[in-house]
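The block underneath contains the structure these notes are about, expressed in structure tokens.
Here the structure is a predicted model, which is why all the values come from computation and not from measurement. Chain identifiers are assigned alphabetically (A, B, ...) following the order of the sequence lines, protein sequences preceding nucleic acid strands; residue numbering begins at 1 within each chain.
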Amino acid sequence: MILESPRVVISIDLDYFFAQCEEIRRPELKSKPLVVCVFSGRTQTSGAVSTANYVARKLGVKSGMPILSAKRVLAQHKEAEFLPIDHDYYERVSERVMQLIKSHSPIFEQVSIDEAFIDVTDSTKTDFEVGKSIGLKIKEEILDAEKLTCSVGIGPNKLIAKMAADHKKPDGLVVIKPEEVSAFLSPMPIGKLIGVGPKSESKFEKMGIKTIGDLSDFDVNSLSDQFGKNLGPSFKRLAQGLDTDPVRPRPIEQLSRIITLKKDAESLWFGDELKPLSIYLSDKLKSLNAKCRVVGIIAITSELKTKNKARTLDHLTNSSDEILHNCLELFQGFFDSSGIEVFRIRRVGIRVSGIDLEKAEGKNESENQSTLTRFLLF
DNA sequence: AACAAGGGTTTAG
DNA sequence: TCATCTAAACCCTTGTT
């Protein structure tokens, strides 16, 4: 019985992308520890590591680490570089790479600034050897055109393609044919399964599930009890290597913008800081030819707990004034609630969702979609 | 029972 | 002061139809 129609899916993941972009324009950095940082502006070193090259990673630098910790880890390495993130530059590089990848198949999905899938079932006629040669060609073209390395995975669906790409990094290429899926997945530790993070991993551990193989034949009802009636069965299917999610462009569902305050707030003194955020989101909506129905705020407390509020409007909007006005009212709700719960706010942001793409004049649906994809990132 | 709205959690990069 | 930023998927509760 055929449960899933055979596909050939390629996952392309640009290696340590932001740091590699910095290495392109300053090749002398390649041999040094290189750390791309998001400075928050509170102090000279406050902020987090966005990504680091493999020289820095081997010395212990990790994504998400406080910049100060990375500085300590690299204290002995006077030559280490800490560069501020330059998103516009990475965006331009990414855009060219994505065009190149897209030229290999019309069935294309950009997952993030440095990651994409293509479905090459048709052009390969399901021959994985042909799929492999397309993967090699893409690696070669990206290297020639942009001097960037990437990791490529080829499999019968997105899950396997992605895990194959993760399997050999950097600059790898791994092909997993349908008949190899089980042997590939089964022995892997459960934390390697896409979608299983630290929280789920420790839950699985308590249930005696150590490997993906353990999960693949675990009782589905117990999984539903632990993870919910959607996620539980879904985890089991993934562990079996089953994934029917098609390669296709994802429509934008929400846009948000968040900043770190110079000082934690106990009152609404930061209202002025929100205005540029509302203008940014308004401009973004307009450039997408879109409007939103839901306006929300995000607050992260001094204890790093996230709080959200949102309201649904009775109409669509893309007006920055209207977005801002609604956000300010929502923030009031954090402060004038007669104080059972008091907290200080470290970071604040605004979000629009319920996004409605308007029909653009003289553009068909797919042109509309690609405009959308281009604006997806920052 | 089915659905919408609002808020929290987890994951990924 | 160690602790960025963006987006999606899912979970739960509550209220409405």
Which is true for [X] with a 4.0 Å heavy-atom rule: it touches a base, it touches only sugar-phosphate, or it touches nothing?
X: A/S234; answer: nothing
X: A/K162; answer: sugar-phosphate
X: A/G64; answer: base
X: A/S46; answer: sugar-phosphate
X: A/S69; answer: nothing
X: A/L304; answer: base
X: A/D13; answer: nothing
X: A/T312; answer: sugar-phosphate
X: A/V49; answer: nothing

Other residues, nucleotides, ligands: >12 heavy atoms within 6.0 Å of A/H77 NE2:
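It does: A/H77 NE2 has more than 12 such atoms within range.
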Let's see if you can work this out: which of [options] has an atom nearest to the side-chain heavy atoms of [X]?
X: A/R257; options: B/dG7, C/dT4, C/dT6; answer: C/dT6
X: A/S200; options: B/dT11, C/dC2, C/dC5; answer: B/dT11
X: A/P198; options: B/dT11, C/dC5, C/dT6; answer: B/dT11
X: A/D264; options: C/dT6, B/dT9, C/dT1; answer: C/dT1
X: A/A48; options: C/dT4, C/dA7, B/dG8; answer: C/dT4
X: A/E253; options: C/dA8, C/dC2, C/dT6; answer: C/dA8
X: A/D114; options: C/dT1, B/dG13, C/dT6; answer: B/dG13
X: A/K307; options: B/dG8, C/dA7, B/dG13; answer: B/dG8

Worked verdict on A/E22 versus A/R25 for salt bridge (charged side-chain N to carboxylate O under 4.0 Å, His left out):
CA-CA 6 Å; A/E22 297 295 348; A/R25 56 181 176 186; 3.0 Å; yes
Start with the C-alpha distance between A/E179 and A/K177, add both sets of side-chain angles, then the distance that settles salt bridge (charged side-chain N to carboxylate O under 4.0 Å, His left out), and finish with yes or no.
CA-CA 6 Å; A/E179 63 270 25; A/K177 298 175 186 166; 5.4 Å; no
Whole-Å distance separating the [atom1] atom of [X] from the [atom2] atom of [N]:
X: A/K62; N: C/dA3; atom1: NZ; atom2: P; answer: 18 Å
X: A/K309; N: B/dG8; atom1: NZ; atom2: C1'; answer: 12 Å
X: A/K305; N: B/dG8; atom1: NZ; atom2: C1'; answer: 9 Å
X: A/I67; N: C/dC5; atom1: CD1; atom2: C1'; answer: 12 Å
X: A/Q44; N: C/dT1; atom1: CD; atom2: C1'; answer: 15 Å
X: A/R311; N: B/dA4; atom1: CZ; atom2: C1'; answer: 17 Å
X: A/L261; N: C/dT4; atom1: CG; atom2: C1'; answer: 13 Å
X: A/F17; N: B/dG13; atom1: CZ; atom2: C1'; answer: 12 Å

Using the 3.5 Å cut-off, write out each protein N or O paired with an N or O of nucleotides 11-17 of chain C and the distance between them.
{"from": "C/dC11", "atom 1": "OP1", "to": "A/N230", "atom 2": "N", "distance (Å)": "3.2"}
{"from": "C/dC11", "atom 1": "OP1", "to": "A/L231", "atom 2": "N", "distance (Å)": "3.0"}

Could you check whether the side chain of A/R347 and the base of C/dT4 have a donor-acceptor pair of N or O atoms closer than 3.5 Å, going by distance alone?
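Such a pair does not exist between side chain and base.
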Over 60° means perpendicular and under 30° means parallel, so tell me whether A/F331 and A/F270 are parallel, tilted or perpendicular.
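Geometry flag for A/F270 against A/F331: perpendicular rings.
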hydrophobic_cluster_shared for A/V152 and A/V8, side chain cutoff 4.5 Å
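Yes, A/V8 connects to A/V152 through the hydrophobic network.
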Just do the side chain to side chain contact (heavy atoms under 4.5 Å, CB included) check on A/I194 and A/D166 with the steps written out, would you?
CA-CA 10 Å; A/I194 301 301; A/D166 287 346; 3.7 Å; yes
Residue mapping more 5' on DNA chain C - nearest nucleotide basis, A/R42 or A/R346:
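In this pair, the answer is A/R42.
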If each of A/Q254 and A/M65 is mapped to the nucleotide of DNA chain C with the nearest heavy atom, which maps nearer the 5' terminus, i.e. the 5' end?
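Closer to the 5' end of DNA chain C: A/M65.
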Can you list the steps and then say if A/K162 with A/E115 is a salt bridge (charged side-chain N to carboxylate O under 4.0 Å, His left out)?
CA-CA 10 Å; A/K162 170 137 193 62; A/E115 224 187 308; 3.0 Å; yes
In terms of side-chain heavy atoms, does A/R311 have a donor or acceptor partner in A/N326 at a distance below 3.5 Å?
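Checked: A/R311/A/N326 side chains pair up, N/O donor to acceptor below 3.5 Å.
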Give me the atom names and distance for the closest heavy-atom approach of A/D15 to A/D171.
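That would be OD2-N, 2.8 Å.
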